[in-house]
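Source: prediction; values computed, not measured. Each chain gets a letter, A, B and so on, in the order its sequence line appears, and its residues count up from 1.
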Amino acid sequence: MAACSVEELLAKAEQEEAEKLKTISVQKELDLDFDVGNLLACDKNRIESKDFKEQNKEDFLRSLARDNTQLLINEIWKVPTERVEEAIVAKLPEPTTRLPREKPPPKPKPPTKWEQFAKLKGIQKKKKTNLVWDETRVAKNEFNRLKNVARSQKIKTPGVGLLPRAKQSKDELSKAVSVAKTSTASVGRFQDRLPKEKPPKNAGKRRKFEPLIGDFSSEKHKQLELLKVMDSKRPKLDITKAVNKQMREEDREEAASRKKGGKGGAARRPKGKGAKGKGGKAGGGKRRGKPGKR
Amino acid sequence: MHSCTETKGGGNEQTQLKTKKRASCVFLPDRTSRGGSGCWRRRLRTEPNRDTDMAHSDGITKPKTRRSKRFLETREPKLLENVKSVMIMKGGNTNQTVTEALKDIYSLKKPNAVLYKKKNITRPFEDSTSLEFFSKKSDCSLFLFGSHNKKRPNNLIFGRLFDFHVLDMIEVGVEKFVSLSEFKISKCPEGTKPMLVFAGEAFEMDNEFKRLKSLLIDFFRGPTVPAVRLAGLEHVLHFTAVDGKVYLRSYRCLLKKSGCRVPRIELEEIGPSMDLVLRRTHLASDDLYKLAHRQPKALKPKKKKNISHDAFGTKFGRVHMQKQDLSKLQTRKLRGLKKRRGEVVAEEEQRPEPKVAKVES
């Protein structure tokens with residue numbers, strides 16, 4: 001009893017399957033040739049002239065077209081599909097029909113003069129990276145990172161100046177003190193100072209403007225002084241001072257690099273410095289001797 | 001600036017200069033143009049100004065602006081080529097059928113088509129130089145030339161070019177024509193890639209029909225795309241070859257529900273319907289044809305080493321193993337074969353025999 005019902009079920013399922021496929025299956029003597037890449041189908045079956053003339057031509061052609069198109073669509077649906085922005089898209093293979101090109105394939109261009117030269121010399125093209133190691137940037141990144149960490153963990157940080165280090169230098173401490181002092185409602189005007197504490201340098205306004213009304217004698221004096229200076233033939237730039245400053249800069253730089261670099265750097269530097277120094281000194285000396293003439 | 005007043009020869013009816021108020025119309029002053037077969041055409045918006053943007057010397061044009069450089073680059077030979085575009089032209093005498101047929105094919109092939117409005121008195125089968133000239137100017141490698149005379153009524157010449165020289169030309173006569181406008185059904189949107197179906201033995205057997213098939217594929221296939229939207233497969237062009245005639249029908253595909261994943265197709269006729277009869281042909285010689293098919297090496301798919309296929313399509317590959325110590329091989333442990341202390345001497349004696357190990361994997 002159970003056995004025959006199972007058989008019945010299977011038969012039924014098969015029948016249903018066949019019916020479903022009936023709607024899309026097409027019987028043909030010879031299979032069609034498909035080129036899915038070009039959405040092309042070629043039907044090689046013979047078309048009997050008498051069939052063609054009997055029926056209404058259009059109907060015959062239409063039914064033939066329908067069958068062939070159905071087969072082509074069946075073939076296209078076999079291809080893997082994917083979903084792209086709400087549309088189902090079938091990924092087509094490469095077209096298989098060989099068709100002539102429009103233009104001949106491109107000829108390799110003859111090497112330019114530079115390319116020939118480079119080949120001759122064996123020069124390779126070095127790709128310049130956009131990225132260069134930047135020390136200050138590293139420090140800044142680190143600083144920002146720590147600030148972020150502090151913010152996330154809700155650790156209190158000073159507003160200005162103090163980096164979280166174990167030992168603070170004298171300037172940093174004094175800066176911290178001045179910041180603390182000025183963070184009052186009256187911007188530190190009424191804060192008491194320690195007995196030996198010096199008043200802060202560069203306090204107050206950064207730029208001073210002369211009053212618009214009142215005594216103009218100082219202004220007059222200043223303008224006349226300026227004219228006098230412009231008139232005189234003395235050079236405006238004190239060469240000695242400038243040169244000495246430059247030399248001090250260089251010394252400092254050299255000291256810093258010596259700490260880092262080896263003897264090679266140090267060996268090279270004095271020569272360069274000496275040359276420059278001599279030239280500078282000589283120039284300065286010359287000027288020193290005769291300031292008036294140029 | 002644009003020399004509208006300049007004419008070379010120009011004994012043609014159409015080159016009578018009307019005062020062109022539209023600035024977009026330009027007569028191309030080319031040194032190589034013959035008198036008589038000039039043709040006005042609307043200057044494409046994509047074309048740069050030939051006088052200011054390009055420097056001509058010794059027949060080589062050097063671009064002066066980036067736009068003109070891009071323009072020249074799209075036209076130069078490439079590995080992967082552009083879509084072939086068609087130039088549709090009229091001959092000395094055309095009737096309504098031919099004009100409508102040309103217009104319908106133009107609308108099928110939009111946007112990769114250029115329809116010339118004025119007539120060109122040339123005979124492609126005799127003199128193809130003007131065709132080549134136009135193809136060079138408009139960068140089209142396919143052409144369709146329509147004409148009508150007593151000897152050859154309703155004549156259409158389908159042709160293609162290779163390197164701006166004529167490759168194939170096939171002349172067909174239109175016997176029955178029903179135009180797009182006569183089918184009162186909504187059409188497919190412009191630019192849909194059509195499905196092409198060729199039916200009939202002739203397309204496989206007959207040489208001329210084979211070329212015609214290749215030409216028609218080239219003509220109508222549209223751009224080569226890596227993927228296609230399944231719902232957008234609407235347009236079908238069906239070519240049937242029976243009794244020496246080719247019947248072109250164009251249908252719109254309706255995808256109906258079937259029981260399974262693949263839809264059932266119903267067709268309704270939309271497009272132009274033509275009955276074509278083959279007339280003259282000018283097919284390319286075999287070596288020119290072969291030359292045109294030559295693909296650059298870079299396009300060949302790279303062969304993966306060590307992979308081979310047999311007749312059934314099974315994929316084979318070789319796996320290279322290092323030398324294995326067979327004594328340490330993991331096998332099924334059978335109690336009988338287990339090494340026991342007492343048996344060591346007996347085993348050594350048996351060594352010259354090859355070991356037969358039962359391996360089931």
Side-chain angles (χ1 to χ4, degrees), chain A residues 16-17 19-24 32-33 35 37-49 52-53 57-58 60-74 76-79 81-82 84 87-95 97-107, chain B residues 76-79 81-82 84 141 160-164 167 193-201 203-204 213-214 217-218 221 224-233 236 238 240-243 247 249 251 253 255 258-267 269 273 289 291-296:
Chain A
E16 276 178 25
E17 193 65 42
E19 268 190 37
K20 273 189 194 174
L21 286 176
K22 215 202 284 181
T23 50
I24 59 162
L32 307 194
D33 282 337
D35 177 5
N38 273 326
L39 300 181
L40 173 69
C42 302
D43 182 6
K44 291 187 270 215
N45 292 301
R46 259 189 80 102
I47 301 174
E48 300 293 333
S49 318
F52 187 59
K53 281 175 194 156
K57 258 197 229 162
E58 296 300 318
F60 176 78
L61 289 173
R62 185 194 289 256
S63 61
L64 180 63
R66 198 222 77 83
D67 290 340
N68 289 337
T69 320
Q70 182 71 66
L71 288 169
L72 177 58
I73 290 277
N74 293 353
I76 294 175
W77 248 253
K78 287 185 194 164
V79 153
T81 61
E82 65 173 14
V84 171
I88 305 179
V89 146
K91 289 219 213 128
L92 299 177
E94 293 274 331
T97 346
R98 278 190 73 207
L99 291 166
R101 279 174 65 98
E102 191 176 39
K103 294 170 189 145
K107 293 195 189 86
Chain B
E76 64 180 17
K78 291 183 235 185
L79 279 182
E81 296 196 306
N82 305 333
K84 290 195 183 181
S141 52
R160 61 184 162 191
L161 303 119
F162 174 71
D163 198 16
F164 308 119
L167 186 65
K193 193 170 157 88
M195 294 185 276
L196 302 167
V197 184
F198 288 84
E201 294 183 306
F203 281 127
E204 302 296 316
K213 178 179 159 192
S214 157
I217 297 174
D218 224 353
R221 72 167 167 161
T224 312
V225 283
V228 73
R229 210 178 113 238
L230 290 179
L233 291 167
V236 180
H238 193 265
T240 326
V242 180
D243 295 337
Y247 297 90
R249 300 287 182 270
Y251 301 99
C253 224
L255 307 165
S258 70
C260 47
R261 197 175 147 246
V262 186
R264 185 180 159 78
I265 300 290
E266 296 293 330
L267 299 178
E269 194 162 1
S273 134
Y289 200 62
L291 185 66
H293 281 260
R294 218 188 263 176
Q295 301 288 348

Would the distance check show the side chain of [X] and the main-chain N or O of [Y] forming a donor-acceptor pair, the cut-off being under 3.5 Å?
X         : Y         : result
Arg98(A)  : His293(B) : yes
Arg66(A)  : Ile265(B) : yes
Arg294(B) : Pro105(A) : no

In terms of heavy-atom proximity below 4.5 Å to chain A, should [X] be classed as side chain, backbone, both, or neither?
X         : result
Pro263(B) : both
Arg261(B) : both
Lys78(B)  : backbone
Leu291(B) : neither
Val242(B) : side chain

Shortest non-hydrogen contact from [X] toward [Y]:
X         : Y         : answer
Tyr247(B) : Leu61(A)  : CB-CD1, 4.0 Å
Asn82(B)  : Glu102(A) : O-OE1, 4.1 Å
Leu230(B) : Ala90(A)  : CD2-CB, 3.5 Å
Asn68(A)  : Ala199(B) : ND2-CB, 3.9 Å

Heavy-atom check, side chain of [X] versus side chain of [Y], under 4.5 Å:
X         : Y         : result
Ile217(B) : Asp35(A)  : no
Lys44(A)  : Phe203(B) : no
Leu99(A)  : Ser214(B) : yes
Val225(B) : Leu92(A)  : yes

Spatial distance of atom NE2 (His238(B)) from atom OG1 (Thr69(A)) [nearest 0.5 Å]: 6.0 Å
Gap separating the OG atom of Ser258(B) from the CG atom of Asn74(A), nearest 0.5 angstrom: 8.5 Å
Derivation of the side-chain contact (heavy atoms from CB on, under 4.5 Å) call for Leu40(A) and Arg221(B): CA-CA 9 Å; Leu40(A) 173 69; Arg221(B) 72 167 167 161; over 6 Å; no
Within 6.0 angstrom of Arg264(B) CZ, more than 12 heavy atoms from elsewhere: yes
What part of [X] gets within 4.5 angstrom of chain B, counting heavy atoms only: side chain, backbone, both, or neither?
X        : value
Lys57(A) : side chain
Asn45(A) : backbone
Pro95(A) : side chain

Stepwise side-chain contact (heavy atoms from CB on, under 4.5 Å) test for Leu72(A) and Val236(B): CA-CA 10 Å; Leu72(A) 177 58; Val236(B) 180; over 6 Å; no
Chi angles and distances behind the salt bridge (Lys or Arg N to Asp or Glu O under 4.0 Å) call for Glu81(B), Arg101(A): CA-CA 8 Å; Glu81(B) 296 196 306; Arg101(A) 279 174 65 98; 3.5 Å; yes
Interface residue of largest heavy-atom contact number with chain A, from Gly232(B), Ala231(B), Pro194(B), Ala227(B), under 4.5 Å: Ala227(B)
Working for side-chain contact (heavy atoms from CB on, under 4.5 Å), residues Trp77(A) and Leu233(B): CA-CA 11 Å; Trp77(A) 248 253; Leu233(B) 291 167; 4.0 Å; yes
Options Ala87(A), Pro93(A), Cys42(A), ranked by heavy-atom pairs under 4.5 Å with chain B, top entry: Cys42(A)
Top contributor to chain B interface from Glu58(A), Glu48(A), Lys91(A) [non-hydrogen pairs under 4.5 Å]: Glu58(A)
Set of residues satisfying ring-ring contact (aromatic ring centres under 6.0 Å, His included) with respect to Phe162(B), sequence neighbours excluded: none
Audit row: Arg249(B), Arg62(A), side-chain contact (heavy atoms from CB on, under 4.5 Å) steps and yes/no: CA-CA 8 Å; Arg249(B) 300 287 182 270; Arg62(A) 185 194 289 256; over 6 Å; no
Partners meeting side chain to side chain donor-acceptor pair (under 3.5 Å) with Glu204(B) (sequence neighbours left out): Lys213(B)
